[in-house]
Engineer: 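This is the structure, below, for whatever I ask next.
In what follows, every heavy atom counts, from backbone to side chain, and hydrogens, waters and symmetry copies are set aside.
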Amino acid sequence: MILYSAKDIEPKWQAAWSDARTFLAVRSDDKPKYYVLEMFPYPSGKLHMGHVRNYAMGDVIARYKLATGHAVLHPMGWDAFGMPAENAAMTTGVHPKDYTYGNIAQMKAQFAPLGLSFDWTREFATCDPEYYGQQQALFLDFLKAGLIYRKKAVVNWDPVDMTVLANEQVIDGKGWRSGADVERRELVQWFFKISDYSGELLAALDGLDNWPAKVKLMQSNWIGKSRGLQFAFSLVDEPQGHDRIEVYTTRPDTLMGASFVAISPDHPLAKGLEDDPAVAAFNAECRKGGTTEEALEKAEKRGFDTGLTVLHPFDTAWELPVYIANFVLMDYGTGAIFGCPAHDERDFDFATKYGLPIIPTFLSDAETDPVLTEAYVPAKTEVVAYVKGFAGDQMQTGNAAIEAAIGFCEANGVGGGVTKFRLRDWGLSRQRYWGCPIPVVHCPDCGVVPEDKANLPIELPYDVTFDVPGNPLDRHPTWRDCACPKCGAAAQRETDTMDTFVDSSWYYARFTAPRATTPTVLDDAAYWMNVDQYIGGIEHAILHLLYSRFFARAMHVTGHLPEMAIEPFNALFTQGMVTHEIYASEGRTGPIDPRGEGIGFTKYHFPDEIIRRDGGAYLSDGTAVEVISSAKMSKSKKNVVDPDAIIAQYGADTARWFVLSDSPPERDVEWTASGAEATARHLARVYRVASEIAAMDDGTGAGDADLIRTMHKTIHEVTLGIESFGFNAAIAKLYGFTSALMKSDAGGAAKKQAVRVLAQLMSPMTPHLAEEIWAMLGGTGLIAVAPWPVADPAMLTEDTITLPIQINGKRRSEIAVPVDMPKDAIEKLALADEAVIKALNGAAPKKLIVVPGRIVNVVI
RNA sequence: GCCGGUGUGGCGGAAUGGUAGACGCAGGGGAUUCAAAAUCCCCCGUUGGCAACAACGUGUGGGUUCGAGUCCCUCCACCGGCACCA
């Protein structure tokens, strides 16, 4: 018996592809181009199964497109800046640069045995000066084009470590290392004017036909277009010279129910009142905790009565109290709101807490002066009776009421209707070392001066230390010192670096000309762009993808991309995670750091430490282990399976096939040892069957026609499956075809034809095995570039089909009919069916539904 | 808290509004073997029944429809995102 050995065949074919330069992206005049891109990885140093899945999917597409005659661009690179390298520097003393490039080398070595069809000649890392220098050039062009500006913005401030923290480093409102209460503090930072594009980024979502609807919806909600009323309350006294409070509301229809005004603790008026120690203390209290919207929204709603009052715009005898409230955000609208407790749950709670009036403006019936026990929030389409309103009595809530209210206010000189977006400008400044330096200089005379492009790249200095928290660039003895590009005087560099999202916002464009001495080359970009298929995690649905869409537009405005590339990703696919069971036992290993292993009293175990028997799970010493349901593979939970080990045991084809076969690609897939074994067994079976068939004489057999028909159906189904990302369904069809091939009594000629097609259909998933079989059956050249098989349409239809017969929607019988039998003939046949006759019992059916080719339903 | 998604046998899952459970795993039975491994064949939602078959069945509760896993509403659970994790 011939045994299948992945170990022997996989390196052989990888070398063959490499020698033939099979995956080199080459522009072509006579082939259509196809650009397939998977979100590039952060070089953590360790390839995990999630990577394998992501890149296996991209590889299926890339190889399929190659076989269907495209000039394919399938590049790979590294999203290499970021916090982990600095954390490693702090904990182990390794330099971020050495750490990062070391990790890249390791991961690249782990990629090799997977047999992925990358064009490695285009590889780059975002931490290469050749890359980030071009990014600095883009920054300067964006700055010149007015797409970048400076303003104050809040950051998480650790008052003990005296450093800015990422949201991830704030745990329950405390700094992850110091444990100190985090404060929100303002810093002057650089911003991209993404909000200038709010309307366009929203409108253009409509054209993204091959994006998941959910991603478009999430982006749409994130951009958050709203229609509302902007107006001002007059302050009764004029504290600190303020005579009015500007308010934006999306619910002007509740204006008659206003019972208080609340301003953000960061509102100029609130800050102006800080001479009062009580106000200062309250504001300081509000500034505690992290900056995330989640933290702010979940915090207890608190208010401080300033004692100030404002006048209701429609009744100057009506004074409303002014509160400072922790739930009002300076970043939204005007940093001030009015509260209508009757029709908003949060305002209702606030009013109850502080004893404020609750004034209904509309009700479900005409009841007057009711006492509400909770906020009354009518459904969008509910018709309500207004007791206090703008347009009289009966009216729908929702947009009609809001527009009516805006119209009434405008007519009476109270503010105006405005359209606002929720999307905020993108702050790109980071107070960190391991990122792209922002290429500006602070000159004592000229102020903020952009660097000369001739001085790019502004390289990160290597001689830095991480012994104290904070940005090493700030305390570097010489790196900051420079000459002002404008006047030549001694000046200092900006020490902030760029958000790593900047790096990943244009790498797809750089891949089209990765060695160019300009950010892009228009001619190459015009040829390869857009990305025809982009693949990555759903966790990037909003930020990364939105930033990239903005960046492509900004790059077009500054002449770095053609107009056709302003929506850089034609099609998007978001894949699920790879998960694994978690094994936990009692026992404390002690916290290593606040985020690491050993939190609480649970000890986790790697899958290969576990022995399954009698339906339980045990360690080798017999200790029982709790099996916790599957979750995303993570180091802290130890529920990881190392691709290296799987490849060593079964080969890359098994790993690839399994991660593609077991779940739909957009859903999570659970890695199971038994599943991997079953896959290995199946691939061995395919190999064995192919070997046996290769040894057959060319002849005919009784099953020839059936086998060839099945073959054409499989070609059709697998092709459709690949094109629609139905990899798991396509693989199920390949199982079926293999089994048909084994059972068939077709002759050698037909079987050889079928097995060659089987190899071709499998080749995107299991390329090495496919090449081996192809060679075994005398296929010409590499299967990777052999033309994709085409199904004969005539082979896809059957002459007769089985129609199920339902009685009152329940299946009761079936009839076999010619595929083109007319409807009335089917009706006659159905009524003649034994089960139908019995059920009708002589009566006529109430209704007879015939869906040709599908079903018959007899309604009695 | 807000936005988005998911929920189907013991398990992963399949199913243009039209036969629910394809395909795979696990399990059971058999063939082969001195025996085992490997391989091959059959069975396999739940309940009742020897069986034919019947009833029930796609997270919960309602609705639309001749017909709902699929569409609409409610609730529950879990997952992703929430602007400095990448």
Engineer: Check the distance between B:U16's P and A:His716's NE2 and give it to me in whole angstrom.
Structural biologist: 13 Å
Engineer: Measure the distance from CG on A:Leu545 to C1' on B:G80 and round it to the nearest whole Å.
Structural biologist: 14 Å
Engineer: What is the distance, to the nearest angstrom, from the CD atom on A:Gln575 to the C1' atom on B:G80?
Structural biologist: 13 Å
Engineer: Between NZ of A:Lys193 and OG of A:Ser195, what distance do you get to the nearest 0.5 Å?
Structural biologist: 7.5 Å
Engineer: For ring pair (Phe, Tyr, Trp, His ring centres under 6.0 Å), just list the numbers for A:Trp426 and A:Phe191, CA-CA rounded to whole Å, side-chain angles, deciding distance to a tenth of an Å, and then say yes or no.
Structural biologist: CA-CA 5 Å; A:Trp426 169 15; A:Phe191 281 82; over 10 Å; no
Engineer: Please walk me through it: do A:Trp506 and A:Tyr131 pass side-chain hydrogen bond (donor to acceptor under 3.5 Å, both in side chains)?
Structural biologist: CA-CA 10 Å; A:Trp506 71 286; A:Tyr131 183 80; 3.1 Å; yes
Engineer: What distance, rounded to whole Å, do you find between the two C1' atoms, one in B:G30 and one in B:G80?
Structural biologist: 48 Å
Engineer: When the nearest nucleotide of RNA chain B is assigned to A:Thr802 and to A:Lys214 on a heavy-atom basis, which residue is associated with the more 5' position?
Structural biologist: A:Lys214
Engineer: With rounding to the closest Å, how many angstrom separate the P atoms on B:G61 and B:C79?
Structural biologist: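 Those two atoms are separated by 24 Å.
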Engineer: If the C1' atom of B:G28 is compared with that of B:C44, how far apart are they to the nearest Å?
Structural biologist: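 Between the two C1' atoms, the distance is 8 Å.
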Engineer: Please list, for nucleotides 81-85 of chain B, all pairs of protein and nucleotide N/O atoms separated by less than 3.5 Å.
Structural biologist:
residue: B:C82; atom: O2'; partner: A:Glu293; partner atom: OE1; Å: 3.3
residue: B:C82; atom: N4; partner: A:Glu294; partner atom: OE1; Å: 3.0
residue: B:C82; atom: N4; partner: A:Glu294; partner atom: OE2; Å: 3.4
residue: B:A83; atom: OP2; partner: A:Glu293; partner atom: N; Å: 3.0
residue: B:A83; atom: N6; partner: A:Arg422; partner atom: O; Å: 3.2
residue: B:A83; atom: N1; partner: A:Arg424; partner atom: N; Å: 2.9
residue: B:C84; atom: OP2; partner: A:Arg430; partner atom: NH2; Å: 2.8
residue: B:C84; atom: O4'; partner: A:Arg430; partner atom: NE; Å: 3.2
residue: B:C84; atom: O4'; partner: A:Arg430; partner atom: NH2; Å: 3.3
residue: B:C84; atom: O3'; partner: A:Asn167; partner atom: N; Å: 3.3
residue: B:C84; atom: O2'; partner: A:Asn167; partner atom: N; Å: 2.6
residue: B:C84; atom: O2'; partner: A:Asn167; partner atom: OD1; Å: 3.4
residue: B:C84; atom: O2; partner: A:Arg432; partner atom: NH2; Å: 2.2
residue: B:C84; atom: N4; partner: A:Gln189; partner atom: OE1; Å: 3.0
residue: B:C84; atom: N4; partner: A:Ser429; partner atom: O; Å: 3.4
residue: B:C84; atom: N4; partner: A:Gln431; partner atom: OE1; Å: 3.0
residue: B:C85; atom: OP2; partner: A:Asn167; partner atom: N; Å: 3.4
residue: B:C85; atom: OP2; partner: A:Glu168; partner atom: N; Å: 2.8
residue: B:C85; atom: O4'; partner: A:Glu168; partner atom: OE1; Å: 3.4

Engineer: Between the protein and nucleotides 22-28 of chain B, list the N/O to N/O atom pairs that are separated by less than 3.5 angstrom.
Structural biologist:
residue: B:C25; atom: O2'; partner: A:Ser674; partner atom: OG; Å: 3.1

Engineer: Please lay out, stage by stage, how A:Ile722 and A:Thr719 fare under the test side chain to side chain contact (heavy atoms under 4.5 Å, CB included).
Structural biologist: CA-CA 5 Å; A:Ile722 289 175; A:Thr719 304; over 6 Å; no
Engineer: By the rule that syn is within 90° of 0, classify the base conformation of B:G9 as syn or anti.
Structural biologist: syn
Engineer: Could you go over nucleotides 6-10 of chain B and give all protein N or O partners under 3.5 Å, atom names and distances?
Structural biologist:
residue: B:G7; atom: OP1; partner: A:Arg667; partner atom: NH1; Å: 3.4

Engineer: Just the rounded figure in Å: distance from C1' of B:U16 to CD1 of A:Ile855.
Structural biologist: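 The distance from CD1 of A:Ile855 to C1' of B:U16 comes to 14 Å, rounded to the nearest Å.
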Engineer: Check this for me, if you would: do A:Arg53 and A:Glu666 make a salt bridge, where the nitrogen-to-carboxylate-oxygen distance has to be below 4.0 angstrom?
Structural biologist: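 No, no charged N to carboxylate O under 4.0 Å.
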Engineer: Could you give the distance separating B:U64 and B:G10 at their C1' atoms, to the nearest angstrom?
Structural biologist: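 Between the two C1' atoms, the distance is 35 Å.
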Engineer: Is a salt bridge present between A:Glu300 and A:Lys353, judged by a nitrogen-to-oxygen distance below 4.0 Å?
Structural biologist: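 Yes, charged N to carboxylate O under 4.0 Å.
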Engineer: Write down the distance separating the C1' atoms in B:U33 and B:U39, rounded off to the nearest Å.
Structural biologist: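 Here B:U33 and B:U39 have their C1' atoms 11 Å from each other.
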Engineer: Looking at A:Arg302, I want to see if its CZ is surrounded by more than 12 non-hydrogen atoms of other residues, nucleotides or ligands under 6.0 Å.
Structural biologist: no
Engineer: Please state the P separation for the pair B:G48 and B:U65 - nearest whole angstrom.
Structural biologist: 37 Å
Engineer: Across the strands shown, which category fits A:Lys301 at heavy-atom distances under 4.0 angstrom: base, sugar-phosphate, nothing?
Structural biologist: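 Nothing: the residue A:Lys301, judged by heavy atoms under 4.0 Å, touches no strand.
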Engineer: In whole angstrom, give the distance that lies between atom OH of A:Tyr687 and atom C1' of B:U39.
Structural biologist: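 Between C1' of B:U39 and OH of A:Tyr687: 17 Å.
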Engineer: Would you measure the distance from the P atom in B:G59 across to the matching atom in B:A14 and give it in whole Å?
Structural biologist: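 Here B:G59 and B:A14 have their P atoms 14 Å from each other.
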Engineer: With rounding to the nearest 0.5 Å, note down the distance linking CG in A:Asp496 to CZ in A:Arg430.
Structural biologist: 9.5 Å
Engineer: Shorter than 3.5 Å, N or O on both sides, protein versus nucleotides 66-68 of chain B: list them out with atom names.
Structural biologist:
residue: B:C66; atom: O2'; partner: A:Asn857; partner atom: ND2; Å: 3.3
residue: B:C66; atom: O2; partner: A:Asn857; partner atom: ND2; Å: 2.6

Engineer: Would you sort out whether A:Gln169 and A:Asn156 count as a side chain to side chain contact (heavy atoms under 4.5 Å, CB included), showing the intermediate values?
Structural biologist: CA-CA 9 Å; A:Gln169 298 169 320; A:Asn156 301 303; over 6 Å; no
Engineer: Below 6.0 angstrom between ring centroids: does that apply to A:Tyr534 and A:Phe573?
Structural biologist: no
Engineer: For RNA chain B, which consecutive runs of 3 or more Watson-Crick or G-U pairs (each distance under 3.5 Å) count as stems?
Structural biologist: B:1-7 with B:76-82, B:10-12 with B:23-25, B:27-31 with B:39-43, B:45-48 with B:53-56, B:61-63 with B:71-73
Engineer: Once you apply a heavy-atom cut-off of 4.0 Å, does A:Met39 come out as touching a base, just sugar-phosphate, or nothing?
Structural biologist: nothing
Engineer: Between A:Trp157 and A:Arg184, is there a cation-pi geometry (under 6.0 Å to ring centre, at most 45° from the normal)?
Structural biologist: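 Geometry flag: not set, cation outside 6.0 Å or 45°.
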Engineer: Using a strict threshold of under 4.0 Å (side-chain N to carboxylate O), is an ion pair present between A:Glu827 and A:Lys823?
Structural biologist: no
Engineer: Between B:U70 and B:G62, how far is it from one P atom to the other, in whole Å?
Structural biologist: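 Straight-line distance between the two P atoms is 14 Å.
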Engineer: Please evaluate residues A:Ser504 and A:Asp79 with respect to the criterion side-chain hydrogen bond (donor to acceptor under 3.5 Å, both in side chains), reporting the C-alpha separation (whole Å), side-chain torsions for both, the decisive distance (0.1 Å), and the verdict.
Structural biologist: CA-CA 7 Å; A:Ser504 55; A:Asp79 188 14; 4.6 Å; no
Engineer: Check the pair A:Lys298 / A:Glu294 against salt bridge (charged side-chain N to carboxylate O under 4.0 Å, His left out), numbers first and verdict last.
Structural biologist: CA-CA 6 Å; A:Lys298 281 187 172 171; A:Glu294 184 187 3; 3.1 Å; yes
Engineer: Should the pair A:Arg287-A:Asp266 be classified as a salt bridge under the 4.0 Å nitrogen-to-oxygen rule?
Structural biologist: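 Yes.
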Engineer: Is there a donor-acceptor contact under 3.5 Å from the side chain of A:Asp344 to the main chain of A:Asp347?
Structural biologist: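 Looks like yes, one N/O pair under 3.5 Å.
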Engineer: Using whole Å, report how far CG of A:Asp745 lies from P of B:C40.
Structural biologist: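 Spelled out: CG on A:Asp745 to P on B:C40 is 18 Å.
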Engineer: Quick one: OG1 on A:Thr497 to CD on A:Gln431, what's the gap to the nearest 0.5 Å?
Structural biologist: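 That separation rounds to 8.0 Å.
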Engineer: Using a heavy-atom cut-off of under 4.0 Å over every strand shown, decide if A:Lys846 touches base, sugar-phosphate, or nothing.
Structural biologist: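 No contact.
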Engineer: Enumerate, atom names and distances included, each donor-acceptor pair closer than 3.5 Å involving a side-chain atom of residues 724-736 of chain A, sequence neighbours excluded.
Structural biologist:
residue: A:Ser724; atom: OG; partner: A:Leu720; partner atom: O; Å: 2.9
residue: A:Ser724; atom: OG; partner: A:Gly721; partner atom: O; Å: 3.4
residue: A:Tyr735; atom: OH; partner: A:Trp657; partner atom: NE1; Å: 3.4

